[in-house]
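Some notes on the structure that comes next.
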There are 2 protein chains.
Amino acid sequence: MTEAVRVLLADDEHLIRGALAALLSLEEDLVVVAEAATGPEAMAMARAHAPDVAVLDLQMPGADGVRVATTLRAELPACKVLIVTSHGRPGHLKRALAAGVRGFVPKTTSAQRLAELIRTVHAGNRYVDPELAADAISAGDSPLTAREAEVLEHAADGAPVAEIAERAALAEGTVRNYLSSAATKLGAENRHAAVRLARERGWV
Amino acid sequence: MTEAVRVLLADDEHLIRGALAALLSLEEDLVVVAEAATGPEAMAMARAHAPDVAVLDLQMPGADGVRVATTLRAELPACKVLIVTSHGRPGHLKRALAAGVRGFVPKTTSAQRLAELIRTVHAGNRYVDPELAADAISAGDSPLTAREAEVLEHAADGAPVAEIAERAALAEGTVRNYLSSAATKLGAENRHAAVRLARERGWV
DNA sequence: TCCGGGGCCTGACATTTGTCATGCGAGGCC
DNA sequence: GGCCTCGCATGACAAATGTCAGGCCCCGGA
């Protein structure tokens, strides 16, 4: 038998992380060498233990799974990343793949299946949940231009146009214009609905 | 030794549910008699198995944990409810307690601790995570009147005033008035920021 | 080279939204 | 009863937002 696969587990929910560690330990060929509850902690643990596979939650305090994946890719190219997420938005998947992530699955996956997937990515293959992939494809690419997306992000917390204009160093009219065109492209009634839609699709 | 505590586990994340079931099974005095992935499923399972304790996720498709708890209280008063949540908003705790929930903890709790809490609520005691309780107290009661909250909910998806007015069967001016007073009470710049704040505090 | 298209940026104008003064009815208090 | 406060409801006015036509610059194709 070959060496056991060394796994890093990162999730801010202690409940799921501990339970998962216990279940994965039941698998003969998997060994959890480190656990982390935050993004920075995950990076530190990865540096310290150089795991074969990193199982990362998408939503963590400090730095999200994709950012951790980006760092890992640069510092530990041999470490394969598998992202696990509760509420998968299409755009996240795209960002994750761009960051070199090898696997992307929802938390509705069973532990048994997850163990299989850890082996899959460790073997050098990729795996993306079919349903999430379908969502990402049907959502397609963002139709927004760089400025439109930028302005929309600044508008995300409901700030008035004047404030957005200041933060983006643009005239108010310009900001209104981008907001308007973004809303039109997304088929939204106004910028607030546009923000909501863009969020859902992971475009901001 | 007394009878084992019969537990119902409801969570839409298969990963956490399965893992948790496995871990709780390691406890001698606990037995998981049913699992569910949605609100309605949880209710059906509860009726079928009449568990001693129901461990419910707050966010589930179909009906959230609090709604399930309300139903359970009416139909199975003997069944104690323990709510587990990922991102606890102050208002949810209040609603949960009003629904007769006996325990309320974040998912950052360890499985070991959760097992203890299941015994605690089964014994008839209550337990609320101290940090969540502190948040709820500092956030205080909602300052919004019934109509203000109602209108704010209708405004949640960024709909224009005309649409809100129609849905709430009010004049447009009236809707604007409620929106304005709600925003003022919450210290928000406009209704959209108000919606965001109210969401954070769990008041809508 | 010279268009044409697309992204970026702007101010002027129409529409929507937020604020204010006001009226009405239901309770609590003297 | 008389008085006050508070929530509910409305329309008029002021301010913020959305829409439009147009100018500028860069790049790729004719």
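Predicted, not measured: the structure shown is a model, and the values here were computed from it.
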query = OP1, OP2 of C:dC20 versus side-chain N and O of B:Ser180: anything below 4.0 Å?
reply = no
Margin query: Is the shortest side-chain heavy-atom distance between B:Phe104 and B:Leu58 below 4.5 Å?
Written below: yes
For this session: May I ask you to test the B:Arg47-B:Thr71 pair for a side-chain heavy-atom distance under 4.5 Å?
Result: yes
Atom NZ of A:Lys185 and atom P of C:dG6 are separated, to the nearest Å, by 11 Å
B:Arg147 atom CZ is separated from D:dC6 atom C1', nearest whole Å, by 14 Å
Whether each nucleotide of nucleotides 12-17 of chain C has a protein heavy atom under 4.0 Å at its base (B), only at its sugar-phosphate (S) or at neither (-) is summarised, 5' to 3', as -----B
Atom CD of A:Glu163 and atom C1' of D:dT17 are separated, to the nearest Å, by 15 Å
- Sub-4.5 Å side-chain heavy-atom contact between A:Val105 and A:Leu117: yes
B:Leu170 CG to D:dG7 C1', in whole Å, measures 13 Å
Quick check against the 3.5 Å criterion: does B:Arg119 have a side-chain atom that pairs as donor or acceptor with the backbone of B:Asp29? no
Rounded to whole Å, CG of B:Leu144 lies from P of D:dC8 at a distance of 11 Å
**Study point:** Below 4.0 Å: OP1/OP2 of D:dC8 and any side-chain N or O of B:Thr174
**Key:** no
B:Leu179 CG to D:dT10 P, in whole Å, measures 14 Å
From CD of B:Glu150 across to C1' of D:dC8 the rounded distance in Å is 12 Å
- Message: Is there a side-chain contact between B:Ile16 and B:Lys107 in this structure, where contact means two heavy atoms from C-beta onward sitting under 4.5 Å apart?
- Response: yes
Rounded to whole Å, the CG-C1' distance (A:Asn177 to D:dT19) equals 8 Å
Count the heavy atoms belonging to other residues, nucleotides or ligands that lie under 6.0 Å from CD of B:Glu166, then report whether that count exceeds 12.
no
